[in-house]
Structures are given as structure tokens and as C-alpha cells.
Amino acid sequence: MGTFNHCVIIKFKDGVVVEELIQGLEKMVSGIEHVKSFEWGKDIESQDMLRQGFTHAFLMTFNGKEEFSAFQTHPKHVEFSGIFSPAIEKIVVLDFPSNIVKAPA
């Protein structure tokens with residue numbers, strides 16, 4: 001079975017200290033064995049019209065949907081969600097299996 005991805009795109013509320021939230025997110029992800037990889041970034045190129053207010057993207061990869069399901073109910077994830085969720089103004093979440101066309105070099 002291939003990998004399974006959890007992609008989150010966020011617009012944070014005004015006044016949120018994003019750097020602190022990201023540090024907490026990195027710590028949380030590092031402590032959960034189900035997460036195969038984690039990467040994030042802040043948009044620096046898109047035009048405001050295309051961005052629609054969203055500024056940050058987060059991508060977690062899992063070794064299958066079962067690992068993702070275990071992550072969703074993991075106590076560290078549940079606890080951090082209580083901190084992270086109130087800081088969000090808008091969110092898009094996509095959970096999907098990978099269809100790799102060109103593997104990383």
C-alpha cells in the first residue's frame with residue numbers, strides 16, 4: 001500500500017504568534033511515530049487574489065491510511081488540536097492517498 005497524506009492550508013487569526021504554534025506543531029509531530037514525514041511552508045509568491053487569505057501549508061505523510069487514523073486519535077494530536085484550532089480563521093484539509101508520477105531523486 002502507498003503513502004497517505006494529510007494536507008492542511010490555513011489562514012491564522014490576526015494577532016496569533018504563528019512561530020510559537022509551528023514550534024508546538026513540530027514538537028507534537030516529532031513525538032508521534034505514525035508520522036512518516038512532515039513539512040510546512042509559508043506562501044511568499046501567490047497573488048492575494050489567488051491566496052484568498054491563506055498563508056501556511058502543512059503536509060504530513062503516513063505509511064497508509066491506518067497510520068493516519070492512528071495519528072488522528074493519538075493523545076498528543078488531540079491535545080495539540082485544542083491549542084491549534086482556536087488560532088485558525090480559515091482552513092482547508094485534504095486527506096488523500098499518494099499517486100506518485102515522478103519519485104523524488
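Model, not experiment: these values are computed from the prediction.
Taking the six-membered ring for Trp and thresholds of 30 and 60 degrees, Phe71 and His77 have ring planes inclined between 30 and 60 degrees apart. Relative orientation of the Phe4 and Phe68 rings is tilted, given thresholds of 30° and 60° on the angle between their planes.
Between Asn5 and Ser98, the closest side-chain pair of non-hydrogen atoms falls below 4.5 Å. Residues Ile91 and Val93 are in side-chain contact: their nearest non-hydrogen atoms beyond the backbone lie under 4.5 Å apart. Counting heavy atoms from C-beta on, the side chains of Glu19 and Ile22 never come closer than 4.5 Å. The closest side-chain heavy-atom distance from His56 to Val18 is below 4.5 Å. With contacts defined as side-chain heavy-atom distances shorter than 4.5 Å, the pair His74/Glu33 qualifies. Put simply, the side chain of Glu26 reaches to within 4.5 Å of the side chain of Trp40, judged on heavy atoms. Looking only at side-chain heavy atoms (C-beta outward), Phe12 and Leu21 come within less than 4.5 Å of each other.
Transitive grouping of hydrophobic side chains (ILVMFWY, heavy atoms separated by less than 4.5 Å) brings Met28 and Val8 into a common cluster. Placement of Ile88 and Ile9 in two distinct hydrophobic clusters is found when ILVMFWY residues are connected by side-chain heavy-atom separations under 4.5 Å, directly or transitively.
Listed by chain and residue number, nothing satisfies the salt bridge (charged side-chain N to carboxylate O under 4.0 Å, His left out) test with Asp14 (two or more places apart in sequence, or in another chain).
Between Pro86 and Ser81, the shortest heavy-atom distance links the atoms CD-O, 4.0 Å. When all heavy atoms are compared, the tightest approach of Arg51 to Ser46 is NH2-O, 2.9 Å. The nearest pair of heavy atoms linking Val92 to Phe54 is CG2-CZ, 3.7 Å.
Side-chain N/O atoms of Thr3 and Asn63 include no donor and acceptor closer than 3.5 Å. Looking only at atom types and distance, the side chain of Thr55 has no donor-acceptor partner in the side chain of Asp43 under 3.5 Å away.
The number of heavy atoms from other shown groups lying within 6.0 Å of CD (Glu20) does not exceed 12. Other residues, nucleotides and ligands place no more than 12 heavy atoms under 6.0 Å from the CD atom of Glu79.
A distance-only check finds no donor-acceptor pair linking the side chain of Lys76 to the backbone of Ile32 [under 3.5 Å]. Proximity of a side-chain donor or acceptor of Lys36 to a complementary backbone N or O of Met60 within less than 3.5 Å is not detected.
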Yes or no on side chain to side chain contact (heavy atoms under 4.5 Å, CB included) for Phe58 and Cys7, after CA distance, side-chain angles and deciding distance? CA-CA 6 Å; Phe58 303 91; Cys7 179; over 6 Å; no
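Taking 4.0 Å as the cut-off between side-chain N and carboxylate O, Lys13 and Glu89 do not count as a salt-bridged pair.
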